[in-house]
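Note on naming: letters A, B, ... go to the chains in the order of the sequence lines (proteins, then strands), and numbering restarts at 1 for each one.
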Number of protein chains: 2
Amino acid sequence: MKVLTKKTDYAIRALLMLAAKKGSYISTKAISAEQDMPYQFLRGVLQEMIRHGLITSKEGVQGGFMLEKDPDEISVKQIIEIFQGEVQVSECMFRKQICINRSRCVLRHEIMRIEQVVSGEFQKITIGGLLRKLTAANSAKPALNESDKSSSETT
Amino acid sequence: MKVLTKKTDYAIRALLMLAAKKGSYISTKAISAEQDMPYQFLRGVLQEMIRHGLITSKEGVQGGFMLEKDPDEISVKQIIEIFQGEVQVSECMFRKQICINRSRCVLRHEIMRIEQVVSGEFQKITIGGLLRKLTAANSAKPALNESDKSSSETT
DNA sequence: TTAATTGATATCAATTTAGTATCAGTTTTA
DNA sequence: TAAAACTGATACTAAATTGATATCAATTAA
Ligand code: FES
Ligand code: FES
């Protein structure tokens with residue numbers, strides 16, 4: 001059971017880069033190269049995020065994308081919802097004869113409770129929070145933006 | 001983001017029926033008709049559950065499937081793992097330059113924590129527990145097995 | 001003017017999910 | 001003993017989703 005798709009994955013990583021260099025434009029090419037994501041695919045992901053107001057763009061030479069919202073206001077939940085739709089365990093898992101009265105369906109309650117929990121966990125995680133943890137862990141080293149080849153471990 | 005696939009869905013519902021009539025054999029045909037699931041597809045699901053020791057079968061006339069394990073010992077997590085693989089948020093979301101030292105990757109910690117939470121929630125839910133809630137909600141009415149057409153609401 | 005960029009789409013390939021079909025073997029029962 | 005009701009095992013197909021690529025027009029800095 002895979003929870004996050006590539007789009008969500010790439011989106012989060014791109015946002016982390018943009019958050020690390022908040023205020024300046026970064027091109028798709030730069031992000032794609034740095035994070036090793038397929039260029040055209042990433043472009044689609046970035047454009048989708050514009051439509052949802054997370055980032056803005058500037059065309060032409062020296063153009064690129066810039067973070068629009070406060071990193072602490074961007075949750076992983078939001079990103080999942082953009083690229084994978086709302087968190088739902090099962091549309092209506094037991095829609096047939098099992099539940100005599102659907103409006104009082106207990107299984108539904110159970111399912112919705114999990115949805116709340118899962119959803120809540122993803123909401124807790126923000127781009128801002130992730131970035132702080134990242135930079136803290138990477139100490140004084142330049143995070144995300146510099147193509148740091150000095151690191152010993154990669155995979 | 002859909003969490004449960006049809007296989008998992010059907011498996012849970014089939015197990016609920018088997019648990020409700022524990023000790024006797026129920027045919028695929030009966031389950032399929034009662035729960036409105038595609039016959040051949042359901043057969044595959046049931047056979048898979050035999051392989052995982054959740055149920056047993058009897059061939060021939062009057063044959064069918066019977067619950068093998070204690071309903072309280074069968075968690076939704078187990079069922080998900082059978083049909084959708086282990087719960088994993090992302091294989092290794094930030095496997096490239098982001099993490100300077102993979103073994104100390106903080107994002108990974110975050111991800112694994114969610115995996116624990118999600119996984120834990122699904123583990124809490126058992127077939128036995130669900131069945132009790134179901135029968136309690138459906139009061140004295142016959143649950144799951146009788147094709148109860150007296151119910152007013154269906155969808 | 002040219003090169004570097006995004007906007008907007010269209011298309012394609014790969015993978016996963018959902019569903020169907022078939023034939024052989026087993027067991028009850030008429 | 002033969003037919004009917006079953007499961008075992010597999011092969012196959014269809015649909016949906018996911019992942020990736022390609023193209024062309026418009027914009028902007030140098
Ligand atoms: S009626 Fe949909 S979950 Fe019970
Ligand atoms: S190195 Fe894989 S999540 Fe950080």
What integer distance in Å separates B:E48:CD from D:dG8:P? 12 Å

Using a 4.0 Å heavy-atom cut-off across all strands, classify A:G64 as base, sugar-phosphate, or nothing. sugar-phosphate

Of the options A:T56, A:L54, A:I55, A:I127, which is the one that meets A:K69 in a side chain to side chain contact (heavy atoms under 4.5 Å, CB included)? A:L54

Any non-hydrogen side-chain atom of B:T126 less than 4.5 Å from a side-chain atom of B:E73? no

Output field: ring centroids A:Y25/A:F65 closer than 6.0 Å: no

Would you tell me if any nitrogen or oxygen in the side chain of B:S57 comes within less than 4.0 Å of OP1 or OP2 on D:dC6? no

Please give, in whole Å, the distance from C:dT6 P to A:M66 CE? 13 Å

A:Q47 has an atom CD; how far is it from atom P of D:dA26, in whole Å? 16 Å

B:K29 NZ: over 12 foreign heavy atoms closer than 6.0 Å: no

A:M66 vs A:K21 side-chain heavy atoms within contact, under 4.5 Å: no

Between D:dG8 atom C1' and B:M49 atom CE, what is the distance in whole Å? 15 Å

Can you tell me how far C1' of D:dA29 sits from OH of A:Y25, to the nearest Å? 14 Å

Between P on D:dT7 and CD1 on B:I50, what's the gap in Å once rounded to a whole number? 9 Å

Does A:T28 place a side-chain N or O at less than 4.0 Å from the phosphate oxygens OP1/OP2 of C:dT6? yes

Under the side chain to side chain contact (heavy atoms under 4.5 Å, CB included) test against A:F122, which residue among A:E81, A:K77, A:Q78 passes? A:K77

Near B:E86 CD, under 6.0 Å, is it more than 12 heavy atoms from other residues, nucleotides or ligands? no

Quick tally for nucleotides 17-30 of chain C: nucleotides whose base has a protein heavy atom under 4.0 Å get B, sugar-phosphate-only ones S, the rest -, giving -BBBBB--BBBBS-

Separation of D:dT7 atom P from B:K29 atom NZ, nearest Å, is 10 Å

If I take atom CD1 in residue A:I80 and atom P in nucleotide D:dT18, what distance separates them, rounded to the nearest angstrom? 13 Å

Any base atoms under 4.0 Å from A:L46, or only sugar-phosphate, or nothing? Heavy atoms, all strands. nothing

